[in-house]
Amino acid sequence: MIKITFPDKAVREYPEGTTAMDIAKSISEGLARNVLSAKVNGKLWDTTRPITEDSTLELLTWDSPDGKATLWHSSAHLMAEALESFYPGVKFGIGPPVEGGFYYDVDLGKNSISSDDFKKIEDKMLELARQSNTYTRKEVSKRDAIKYFEEKGDEYKLDLLKDLEDGQITFYTQGNFTDLCRGPHIPNTGYIKAVKLLNIAGAYWRGDETKKQLTRIYGITFPKQSLLQEYLVMVEEAKKRDHRKLGKEMELFTFSEKVGLGLPLWLPKGAMLRERLESFLRKAQLKSGYVPVVTPHIGNKQLYVTSGHYEKYGKDSFQPIRTPAEGEEFFLKPMNCPHHCEIYKSKPYSYKDLPVRLAEFGTVYRYEQSGELHGLTRVRGFTQDDAHLFCRPDQVKKEFIKVIDLVLYVFRALDLTEFTAQISLRDPENKAKYIGSDENWDKAEKAIIEAAAEKGLKTVVEIGEAAFYGPKLDFMVKDALGRKWQLGTIQVDYNLPERFELEYTGSDNKKHRPVMIHRAPFGSLERFVALLIEHCAGNFPMWLAPEQVIILPVSDHYMDYAKKVCTLLNNSDIRALVDERPEKVGRKIRDAEVKKFPFMLIVGEKEQETGTVSVRKHGGEDLGVKKVEEFRDYVMKEIEEKIASFEEVNAG
RNA sequence: GCCGAUGUAGCUCAGUUGGUUAGAGCUACUGAUUUGUAAUCAGUAGGUCGGGGGUUCGAGUCCCUCCAUCGGCUCCA
């Protein structure tokens, strides 16, 4: 007998060689029907694979990410089987589960495939699923594995086999399909009840542009038909939040082919929104010891040679602008840091002067491949809410904490609660990739980790993801469709101070090198606004809304009163306007709802007589009748609370 | 850039196997209606069917090409 320890610490005995499926059955039939895979001693395990020693066991169902991944991974194999039946001789690359489904990279040879073929592939997959074919695991020697794929003529699997160790290689077979695979898999194909192929894309073998491009087919499957329906509804809902759609509808920004790809044009309402964000941050930064600087949009090539950006990113920059007579070379500014370094250098500093915090809403331009452009989230010209802090090594941690405070302050004012903080450290196995002394790195990494812990951030640590010049902390947010984007970022940099030979005089009267911290709470205004739109579905926090209040007179007779109310609100800096159209109230309300006004004030005879307004919130909530002044104070208070000053928020 | 899909009025979409003057709703404009919590009625205007080339007696529809847009191109069997 072996001892099995469950997640709740309960221990039960089972015969040696029992399986997760047997154990699930011993608990309940329902569980057995839902269990997709298992974790045995922390390792993913097929439910049908014997367990031979005392183990901890976790049964994985659809409710766990690993359970989903197992179903999707098995689905990738199922799709491969379907594809092989239609396209004999098809070669397979990799077919992993991903967030939101799975894909398989295939080489169809002379055949090609399009979304028109999805239906028949889906049908075939469902047909194979209904056969409830078991996924069978088999250990094979490297020699046999190579032989198998040589016979099959699949060079991609052979390429993968090169990196695998003999004795560690397993095959999985279901129905007529056998694949090189680590597993685990679901017990049989019958667990897959609903199939939806999503899209088709080109993907280079091993992500390498110089290698052959394979056809990648994305799909998603579910253990229940109803889950597919829910998923489709969810996707439709997400599309409604798309910032590209809402940005157009709400007249925030637009693009023009004539102006150029990836170069957003901010419309008046969007520009005002941007300005509000900027002034909000400016105010907080001023209180936080930043000083503003302004630098030009182009910089001499030599500047970027010094910074190292020319060598590393030269090809991702817009090509040089030359002066006609002198032939000098300038680049459109791809980042602000080199300029800021030169500002730092404009005068000598004592250790007592540090930290120096230079802030600029700097517009930068980067060449992005045309296919990479995406609404406001990936553009070629954008404005960073950039700042560079020059500090002593002993100040790094404190400064880092202050920056985290600032980022959290910004996120709070915008109701951005769903973000993850990612700490990117260097790969200790590969120190050659990075510049700077071990001592400085250790200090900086420790400072970041401690700073994040002190602020109680939920963090994910990524080893090897640091920039070559220093570790960083990024704030990641997902868009409506679940794609991850980086917003705020805080980065420690030892490289630029070195390259620009930045100095300060220490208490020892010797020259020392400052440490630089790059930081941008929004990241870029463009991307930030995009994500903000998707997060609030266009219903901005009131202090940001392009128009905050619309006054709806019941008929023309109350127009003068409506205008009076409007003026009163405007005088208190509340953005209000009157719907003067001779429409019915119902119509005006509907239009105001569609246009996402946070507040609607209905005024008619009753209100006019009593100096009141009837308050309806966006979404339909009725706040009842209020005195005009009372409503004004209510709105002002709500705004104040939301954008409480930086010191207030950080006092506690 | 590469792979795949898409491109008809300001917006959302119809438009049979190629066949007369390309349609609808919303928006805009004009007029009537003076209205109490998600769409009042009527009329008018608006399109070189993404650009260019070709096949055809005839192209929004078929072919080629260019452009733009959308999805993807890191997540290592």
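Every chain is numbered from 1 and lettered A, B, ... according to where its sequence line falls, protein lines coming before strand lines. All values derive from a computational prediction rather than experimental measurement.
- Residue V554(A) is in base contact, counting any heavy-atom pair closer than 4.0 Å across all strands shown.
- At least one test fails for K39(A) against the ring of W45(A): distance under 6.0 Å to the centre or angle within 45° of the axis.
- Searching all strands for a Watson-Crick or G-U wobble partner of G43(B) with both distances below 3.5 Å returns C29(B).
- In this structure, the nucleotide among C70(B), C75(B), U34(B) sitting nearest to the side chain of R244(A) is C70(B).
- Separation of the P atoms belonging to A14(B) and C75(B) is 37 Å when rounded to the nearest angstrom.
- The phosphate of U37(B) has neither OP1 nor OP2 within less than 4.0 Å of any side-chain N or O from R590(A).
- Other residues, nucleotides and ligands contribute over 12 non-hydrogen atoms within 6.0 Å of the OH atom of Y87(A).
- One can place OH of Y104(A) at 16 Å from C1' of C75(B), the figure rounded to the nearest angstrom.
- For a distance-only test at 3.5 Å, the side chain of D556(A) qualifies as a donor-acceptor partner of the base of U34(B).
- Across all strands shown, C13(B) forms a Watson-Crick or G-U wobble pair, both distances under 3.5 Å, with G23(B).
- Following rounding to the nearest Å, E580(A) (CD) and U35(B) (P) show an atom-to-atom distance of 18 Å.
- Regarding K584(A), its NZ atom lies at a distance of 6 Å from the P atom of U40(B), rounded to whole Å.
- Contact check, R581(A) against U35(B): no side-chain N or O comes under 4.0 Å of OP1 or OP2.
- Along RNA chain B, the nucleotide nearest to G604(A) and the one nearest to K248(A) differ in position, and the one closer to the 5' end is contacted by K248(A).
- Both distances falling under 3.5 Å, in either a Watson-Crick or a G-U wobble arrangement, occur for no nucleotide opposite A38(B).
- Distances were taken from every side-chain heavy atom of P96(A) (C-beta onward) to each of U12(B), U33(B), C76(B); the shortest belongs to C76(B).
- Looking at heavy-atom distances under 4.0 Å, E462(A) makes no contact with the nucleic acid at all.
- Judged by the 6.0 Å distance and 45° axis criteria, K138(A) is not positioned over the aromatic ring of Y172(A).
- Of the C1' atoms belonging to G52(B) and G7(B), the separation is 16 Å, rounded to the nearest Å.
- Rounded to whole Å, the P atom of A45(B) lies 33 Å from the corresponding atom of G36(B).
- Between A9(B) and C49(B), the two P atoms lie 10 Å apart (nearest whole Å).
- Residue E607(A) places a side-chain atom within donor-acceptor reach of the base of G36(B), judged by atom type and a 3.5 Å distance cut-off alone.
- Atom name C1', nucleotides U61(B) and U55(B): the rounded distance is 14 Å, in whole Å.
- The side-chain tip of K596(A) does not point at the ring of F540(A) from less than 6.0 angstrom away and within 45° of straight on.
- Across all strands shown, L261(A) has heavy atoms under 4.0 Å from sugar-phosphate atoms exclusively, and none from any base.
- Using N1 to N3 plus N6-O4 or O6-N4 for Watson-Crick, or N1-O2 and O6-N3 for G-U wobble, each under 3.5 Å, C49(B) pairs with nothing.
- Checking the phosphate oxygens (OP1, OP2) of U69(B), no side-chain nitrogen or oxygen of H374(A) falls inside 4.0 Å.
- With rounding to whole Å, L373(A) atom CG is found 10 Å from A68(B) atom P.
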Its contact letters, B for base, S for sugar-phosphate only and - for none at protein heavy atoms under 4.0 Å, make nucleotides 2-7 of chain B read BBSS--
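- G58(B) is unpaired under the Watson-Crick or G-U wobble criterion, no partner having all donor-acceptor distances under 3.5 Å.
- If you check every strand for non-hydrogen atoms under 4.0 Å, E583(A) touches a base.
- A5(B) is paired with U69(B) under the Watson-Crick or G-U wobble criterion, all donor-acceptor distances under 3.5 Å.
- Spacing of P atoms, U27(B) relative to U6(B), comes out at 31 Å, to the nearest Å.
- Position along RNA chain B of the nearest nucleotide to E605(A) versus K245(A) favours K245(A) as the more 5'-ward residue.
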